[in-house]
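The structure appears right after this line, and notes come after that.
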Protein chains: 2
Amino acid sequence: MEKSSDVLTKEQIIAATEETIRRYGMAKTSVTDVAKALDVSHGSIYRHFKSKTELFEAATEQWLEEKIIAPLADVCRDSSLHGVGHVHAYIQTLVRLKRHYAREDEALFAMYAKVSDESAELISKHIGCIVGHLTDIMLRGGLKSDHPERSARAVFYATARFHHPAHAYEWKSPAIDAEFSDVWALIEQGLKTND
Amino acid sequence: MEKSSDVLTKEQIIAATEETIRRYGMAKTSVTDVAKALDVSHGSIYRHFKSKTELFEAATEQWLEEKIIAPLADVCRDSSLHGVGHVHAYIQTLVRLKRHYAREDEALFAMYAKVSDESAELISKHIGCIVGHLTDIMLRGGLKSDHPERSARAVFYATARFHHPAHAYEWKSPAIDAEFSDVWALIEQGLKTND
DNA sequence: TGACTGACAAAAAATAAAATTTGTCATTTG
DNA sequence: CAAATGACAAATTTTATTTTTTGTCAGTCA
């Protein structure tokens with residue numbers, strides 16, 4: 001990842017950060033390493049991000065947007081889905097995506113887990129986005145509720161075990177799919193009934 | 001905590017372990033410290049527990065039994081409760097107990113969190129016990145289900161955010177009670193309907 | 001003139017050396 | 001002889017020391 005053009009951009013820096021984390025792992029990646037990958041002085045990076053924390057947060061935000069939110073937005077928009085089934089498809093996708101990246105992109109998933117742990121703001125924005133999608137699906141799907149947003153948030157929290165990174169080690173269990181089905185069966189009734 | 005009688009017992013050792021953890025914290029407590037508190041050589045402790053890990057597991061098991069399982073067993077037995085309300089009271093108690101000890105017995109809660117993290121066996125036994133209670137409540141309460149134990153487990157997992165130690169930092173939020181209510185409202189329907 | 005460099009102090013992390021803790025066991029004690 | 005001790009090696013942790021990294025900024029360069 002050498003910078004090709006002559007002006008260094010945030011995008012290039014974030015791309016180099018991802019590459020370096022994939023190569024060395026989260027714990028061993030320094031701003032200096034990222035600068036080396038770009039063949040610039042580390043001072044240049046501080047022109048674009050005011051701290052290491054901010055750089056890693058930006059990288060995580062982009063990773064979440066691209067790998068999680070974008071595919072979820074597709075499911076949200078999907079007009080072939082409707083009502084409770086739409087909510088199910090959405091949460092199922094969320095759960096599968098988290099599980100997929102926990103396995104297949106371990107280093108960046110570790111970045112996401114660590115940053116989540118340290119930046120309440122970022123994670124609350126991420127959750128806000130998902131709750132927004134769910135609220136939208138519920139309203140469009142004719143799932144009447146006095147407080148659609150609260151119901152949406154409840155669905156998210158009731159399935160936390162299956163998408164919160166603190167539970168990632170439990171996702172290796174062969175029973176995990178059956179457990180999700182059983183939790184879903186419970187929730188589904190609550191969505192069908194007007195709460 | 002000096003040993004009063006002349007034979008050292010497991011119970012004395014566990015009591016001294018708790019005391020020492022409360023005094024020095026989980027990270028700073030060594031087997032040597034526990035032995036000092038009992039005024040015996042640390043070798044004596046190894047006559048009763050074959051490793052530090054086993055000692056801490058035993059202490060955690062006892063703590064869980066006394067602080068969590070025993071009060072839950074009371075709620076389970078409570079004949080003034082019935083059906084969905086009984087399940088609610090049980091889970092509510094579980095949630096409140098965990099929250100209570102996370103605040104009021106920080107050091108031992110940290111022990112429980114750490115041991116949970118490292119001993120899948122202990123935690124699975126603990127969960128098994130709770131799921132057993134819930135299954136019992138559901139069967140006695142006329143909550144028909146094709147798979148009562150699976151339903152019981154689903155209730156437990158759907159409320160994980162409110163009792164799993166990995167989420168303890170979220171329990172400080174002033175919204176936590178409202179969030180639990182909303183999740184419960186969702187679940188309740190699923191319990192009323194035969195799944 | 002605005003993007004970048006490179007030198008710098010302060011903070012943090014890695015390494016090395018010293019001290020403690022863990023776990024065993026032959027010996028002692030009551 | 002059952003229970004506990006204390007001496008011991010190996011493993012781990014702590015502390016001290018060195019090195020790297022972070023973050024700033026005056027100065028360079030195109």
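Lettering follows sequence order; numbering is per chain, from 1. Remember, predicted model here, so these are calculated numbers, not experimental data.
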Quick check for you: among [options], whose closest atom lies nearest to any side-chain atom of [X]?
X: A:Asp33; options: D:dT21, D:dA4, C:dT24; answer: D:dT21
X: A:His48; options: D:dA3, D:dT21, C:dC4; answer: C:dC4
X: A:Ser41; options: C:dT22, C:dT5, D:dT24; answer: C:dT5
X: A:Val7; options: C:dT22, C:dA3, D:dT21; answer: C:dA3

In whole angstrom, give the distance that lies between atom [atom1] of [X] and atom [atom2] of [N].
X: A:Tyr24; N: D:dT21; atom1: OH; atom2: P; value: 11 Å
X: A:Ile45; N: C:dA3; atom1: CD1; atom2: P; value: 16 Å
X: B:Asp39; N: D:dT5; atom1: CG; atom2: P; value: 8 Å
X: A:Glu54; N: D:dT22; atom1: CD; atom2: C1'; value: 14 Å

Subject >> N/O donor-acceptor pair, side chain B:His42 with base D:dG6, under 3.5 angstrom >> reply: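 Side chain to base: no pair present.
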Original post:
Will you find, in the side chains of B:His163 and B:Thr159, an N or O donor that is under 3.5 Å from an N or O acceptor?
Top reply: yes
Original post:
Do A:Lys52 and A:Tyr46 have side-chain atoms, one donor and one acceptor, less than 3.5 Å apart?
Top reply: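 Absent: no donor and acceptor within the cut-off.
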Short side-chain N/O contact to [N] OP1/OP2 from [X], under 4.0 Å:
X: B:Thr32; N: C:dT22; result: yes
X: A:Ser30; N: D:dT20; result: no
X: A:Lys28; N: C:dA14; result: yes

Subject >> Close side-chain approach of A:Lys114 and A:Asp117, heavy atoms under 4.5 Å >> reply: no
**OP:** May I ask you to decide if the ring planes of B:Phe180 and B:His88 are parallel, tilted or perpendicular, using 30° and 60° as cut-offs?
**Re:** parallel
**OP:** Could you check B:Lys52 against B:Arg47 and say which one's nearest nucleotide on DNA chain C is further toward the 5' end?
**Re:**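 Upstream on the strand: B:Lys52.
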Subject >> Residue whose nearest DNA chain D nucleotide is more 5′ - B:Ser44 or A:Gly43 >> reply: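 That would be B:Ser44.
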